[in-house]
Protein chains: 4
Amino acid sequence: MFVNGKKDIFTQTKNGMKKKFTDKQLKILDVAEELIAKKGFDGTSVRDISAKANINVAMISYYFGSKEKMLAYLYQYRVLRTRESFAEFAQTIREGKPEMQMKEIIKFIVNQMFKYNYFHAFVKQEVRHTDLVKDELVEFYRTATDKIDEVIKKGVASAVFHQTPKAEDVLTIIIGTAVFAIRNKVFYEVYLPGDEADFLKNAEQKVKASNYQTIFSLLGYQPEG
Amino acid sequence: MFVNGKKDIFTQTKNGMKKKFTDKQLKILDVAEELIAKKGFDGTSVRDISAKANINVAMISYYFGSKEKMLAYLYQYRVLRTRESFAEFAQTIREGKPEMQMKEIIKFIVNQMFKYNYFHAFVKQEVRHTDLVKDELVEFYRTATDKIDEVIKKGVASAVFHQTPKAEDVLTIIIGTAVFAIRNKVFYEVYLPGDEADFLKNAEQKVKASNYQTIFSLLGYQPEG
Amino acid sequence: MFVNGKKDIFTQTKNGMKKKFTDKQLKILDVAEELIAKKGFDGTSVRDISAKANINVAMISYYFGSKEKMLAYLYQYRVLRTRESFAEFAQTIREGKPEMQMKEIIKFIVNQMFKYNYFHAFVKQEVRHTDLVKDELVEFYRTATDKIDEVIKKGVASAVFHQTPKAEDVLTIIIGTAVFAIRNKVFYEVYLPGDEADFLKNAEQKVKASNYQTIFSLLGYQPEG
Amino acid sequence: MFVNGKKDIFTQTKNGMKKKFTDKQLKILDVAEELIAKKGFDGTSVRDISAKANINVAMISYYFGSKEKMLAYLYQYRVLRTRESFAEFAQTIREGKPEMQMKEIIKFIVNQMFKYNYFHAFVKQEVRHTDLVKDELVEFYRTATDKIDEVIKKGVASAVFHQTPKAEDVLTIIIGTAVFAIRNKVFYEVYLPGDEADFLKNAEQKVKASNYQTIFSLLGYQPEG
DNA sequence: GATGAATGAGCATTCATTCAT
DNA sequence: TATGAATGAATGCTCATTCAT
C-alpha cells in the first residue's frame, strides 16, 4: 500500500521498515525535515508540510500511516544514509597515514553535521522521539569511535601520536563543537569573516580548524622525522 | 496586572520585563521548565503545567499574558541567574593561579550545564524561541570568553601555558561536550561506571576530566617548576 | 472537572459514573438522543449535536470526555430512569386485582416504549455500543419479568387466570410488538385511524389493545364468577 | 456501465434498478451485509468491505455508483428474495389444514428472521435508510398478512379456530418476538439450554414454541372432533 | 486575585469518491 | 474492467485563551 514506489533510493531490511521511497515521498521527507528542524515536531503541522511540499494533506497519512510514523521513517532514512556514507568514507582513507586519516575523519564528521544540520538539529531537539533513532545513531557513533580508536593506535605505533585520548572523548569533541556552532549562530558569527549568508560555510571551516588543533594537540602529534 | 506579587526573588529592568515573581509564579516556571525540557514546548500543554503545579489553567495566561510569554520569562529568568551566578563565581577565583582558575572555570561551566540540564536542553531544543534568549545567553558567553581569555593571557605571561587557543573555541569545547553528553545518554553510559540512576553524576565527572585534559593540552600546560 | 453542575436531576453511584447533570448537559443529552435515534451514532457528528443544542463543539468533550462517553452517560441515564420509574409504578399497583395489575403493566411498558421511542430505537440500533447498556437494561427486564411472574401466580391462585405463560415470553411480546410498531410506521399506519401526525398516539393505543387481547388470551383469563 | 455482468442471479424491473449481479458484486453485497449488521452503515467503511471481499476499494463506487446506492441494491435484493421465497413457500402449504398452515407460516417467518438476522438487524437499525426498503418490505408484510388472514378465515369456517385476531397483530407478534430475541441475547440466553454458541438455534426454537402457543391461544384453537 | 465554564481555531486522521492509466 | 494514487471534505478532539463571577 504505502512506502513503495517507482524509484529506489533507499533500501533497508531490518525493523520491518519498508524499502523504497518515491520521489514524492522523499520530497515530503525533505520538507518535513526542514520544517521540523525549524519549528519542532509539534510545531509543524501536516498541513504545513503538505502545503510546502505541494501535496494533499491526506497523503502523509496515506504514505506513512501517520505523522509520527513519517518521523520514524525520516529518522531511519537519514541515520542509515549517514552510516552508509561513513562506511564508504572509511574505505577511501584505508591506505593513508594516521595523521591524514584523523584529519579526514574530523573533516568528514564535521561536514556531515553541517550538511545535515537540519536533521541533527532536530535529532537533538525532539526529546520525545529520540528513542526512535537512538539505536541507529548509537551504532553510527560506535562505528566512528572504532575507526578513531584504530587510527589512534596506528599513529601511536608509528610514533606520530604520543598520547592516547579516549575515542569517545574525541568523538564528543568533534560532534559537540559542531552542534554548538550550528545552534549558536548569534554567538559564533562574531568570530567569523564574511556576512551572515555564509555563516554555515564559515562556521564549518572554523570548527574544522579548531578541531584539527584540539585533537592533534590531544594526540601529542609530532610530524615525523 | 500581572507579573508582580508578594515576594521579590528576581529583579530585572530591561526589555520591558516586569520585575518580581511570587512563589506561585516561580512554581509555575519550575514545573514548566521540567515539562518543556521533557516534552518540548508544544508537547507541553498549559493544562499539564497547571495540573502539576496545582494551579488553575487560567493562571498562566493571567500571570504571564500567554504561554509563549511565560517561556520568555523563564528564559530570561534562568539566563540572568546563570550570569549572576557566573559573576559571583568569577569573584571567588580572582586570586588563584591561572591553571587553578582555568580548572575552576571548566568545573563551574560543566556544573551549570548539568545542574540546569533541563534548561539547557530546551534552550538548544526550542529553536523557534531561541531569539527570546539569544541576547541574554550571548552576553553570558561573552562574559565567559572574556574571563577565559584573561586567564589564558595570565597563564602565558607566567609561562605555565605555552599556547593560546581562542577563548571561543575553549568555551565551545566545554559547553559542546557537556551538552553532547547530556543529550546522548545511551551512547555515553557505556563508558561510565555505576548504574543508570547515577548517569548524570558520572557523566558530569567524565566530561570534567575529559575537558581538563583537552583544554590543558590545548594550552600546552606545563606545571611550573 | 466535568459532569457536575448546579442542578441535580440525576443521581447514581455505581460504575464510577458521576452523579449530576446541569441543564446544559441534559440539553445535550436530549438533542443527542434524538439525532442518534434518527441518524445513528456514527451518522451524528458532534457538530450536529452542538449546533442543534446551541453549544460549542468543544463542550461535548469537555463535559463528557468524548462522544463515546457521552453515549454511555446517555444510556445509563435513560435506563436508570426507566428502572426507577418502573419501581415507582410497581408500588402504585400493589393493592389491585391481578387482571388490573397485568393490564397496568402492559400499559406502563408500552407507554415507556413509545414515550422514549427515540432511546429504545437506538438502543436496538447501536449494535456496537449495546454492551454499554446491556447489564442495566437486562436488570430492568428482570425486574419486569419478576413482577409479571408474581401477578400471574396471584391470578392463578385466585382463579382468574387459568394458564401460566412464561413471564419472559409475555415481556417479549409486549416489548417486541411495541418496538415493531414504532419502527414500521409505513406498514402500521394503514391499520390506524387519524392522520400521520397522530401516528405514535394511535399506534400506542393499538399496541396496547392488541396486547391486552393477546396476553389475557394467553393467561386464559375468565372474569370472576 | 455498472450493475451488469456475467451471471444472472437476480432480476427486477421497477425503480430503474438494474437487473443482474456478477459473482463479484454478490460477494460485495454479502460481505457488506455482514459488516453493516455488525458495525452499522457508517461504522463500516468501503475499505473494510473491499478488504474482506478481496476487491479494490474503487470497485464499490464503480459497481454501484456509491456506498449508499450499494445499500439500496442490497436492501432490494434481500427483500425481493424474501418475497419470492415466501411466494414459493405459500405454494407448498396450499393444500393443508388451517392449523398446519398457521404453524408453517409461523415457522417460515421466524426461520427467515433468524436466517437473515444480519439483514433484519440492520433493516431495523439503519433508520436513515429505511425508506430505501420500506415499500418492498411493506409489500412483503402485506403478502404475509393476506395469507394469515386467509388461513384464519378458513380455520374459522372449518370451526378449528374460534376467534379472529387481526392478521397484522399476528404478524406483529411473530416478527416482533423474533427480532426481540435476536437483539437481546444477554437477556434471552438465561432462558435457554445449551451454551452461547447455540444461542441462535435455541432462541429460534423458543421463539417458535412461544409463538405457536400465543397465536393458537389467540385463535381459540380447538383440535377437531 | 482566582476560578471553572466556555470559546473558536487548529489539529491529525479517515472517509467516499475520482482520476489517470 | 480494474487498479492504486490522489483528493477535499468531514470527523472527533485538544488547544491556549477569555469570560463571567
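Remember, it's a predicted structure, so these values are computed and weren't measured experimentally. Letters go in sequence order (proteins before strands), and every chain restarts at 1.
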Looking at E:dT14, F:dT14, E:dA5, which one has an atom nearest to any side-chain atom of A:Ser61?
E:dT14
Would you mind reading off the distance between D:Glu68 atom CD and E:dC15 atom P, rounded to a whole angstrom?
16 Å
Spacing between D:Lys39 atom NZ and E:dT14 atom P, to the nearest angstrom:
13 Å
Measure from the side chain of A:Lys67, starting at C-beta and using heavy atoms only, and say which of F:dG12, F:dT18, E:dT13 lies closest.
E:dT13
Whole-Å distance, B:Phe41 CZ to F:dT14 C1', equals 15 Å
For A:Ile28, run the side-chain contact (heavy atoms from CB on, under 4.5 Å) check against A:Val46, A:Leu74, A:Ile60 and tell me which one passes.
A:Ile60
Dot-bracket line, read 5' to 3' along DNA chain F, where crossing pairs take [ ] and | marks a partner on another strand, Watson-Crick or G-U under 3.5 Å
.||||||||||||||||||||
Can you tell me the distance, in whole Å, between the CD1 atom of A:Ile60 and the P atom of F:dA5?
16 Å
Please find the pair of heavy atoms, one from B:Phe41 and one from B:Lys67, that lie closest to each other, and give the distance.
O-NZ, 2.9 Å
I want to check something: taking the side chain as every heavy atom from C-beta on, are C:Thr22 and C:Gln25 in contact at a cut-off of under 4.5 Å?
yes
Take the protein atom CE of D:Met59 and the nucleotide atom P of E:dC19, then report the distance between them rounded to whole Å.
16 Å
Walk me through it: do A:Phe21 and A:Tyr73 pass the test side-chain contact (heavy atoms from CB on, under 4.5 Å)?
CA-CA 10 Å; A:Phe21 292 118; A:Tyr73 282 110; 3.7 Å; yes
First of B:Ala58 and D:Ala58 reached from the 5' end of DNA chain E, by closest nucleotide:
B:Ala58
Please state how far atom CG in B:Asp23 lies from atom C1' in E:dA2, giving the value in whole angstrom units.
17 Å
OP1, OP2 of E:dA6 versus side-chain N and O of C:Lys24: anything below 4.0 Å?
yes
Please determine, for the side chain of B:Ser66, which listed nucleotide (E:dT18, E:dT13, F:dT17) has the closest atom?
F:dT17
Taking atom NZ of B:Lys27 as the centre, report whether more than 12 heavy atoms of other residues, nucleotides or ligands fall under 6.0 Å from it.
no
State whether C:Tyr62 places a side-chain N or O below 4.0 Å from either non-bridging phosphate oxygen (OP1 or OP2) of E:dA6.
no
What are the two closest heavy atoms between C:Ile49 and C:Met70, and how far apart are they?
CD1-CE, 4.0 Å
Which whole-number value in Å describes the distance from D:Met70 CE to E:dC15 C1'?
14 Å
Closest non-hydrogen atom pair between C:Asp42 and D:Lys39, with its separation:
OD2-O, 4.3 Å
Interatomic distance where OH belongs to D:Tyr63 and C1' belongs to E:dT18 [whole Å]:
17 Å
Kindly determine whether C:Asp48 and C:Lys38 satisfy side-chain contact (heavy atoms from CB on, under 4.5 Å), including the steps that lead there.
CA-CA 12 Å; C:Asp48 292 343; C:Lys38 279 185 189 153; over 6 Å; no
Those residues of residues 45-57 of chain C lying under 4.0 Å from DNA chain F by at least one heavy atom
C:Ser45, C:Val46, C:Arg47
Quick test of your reading: applying salt bridge (charged side-chain N to carboxylate O under 4.0 Å, His left out), list the pairs with at least one residue in residues 52-62 of chain C, sequence neighbours left out, ordered by first then second residue.
C:Glu34-C:Lys52
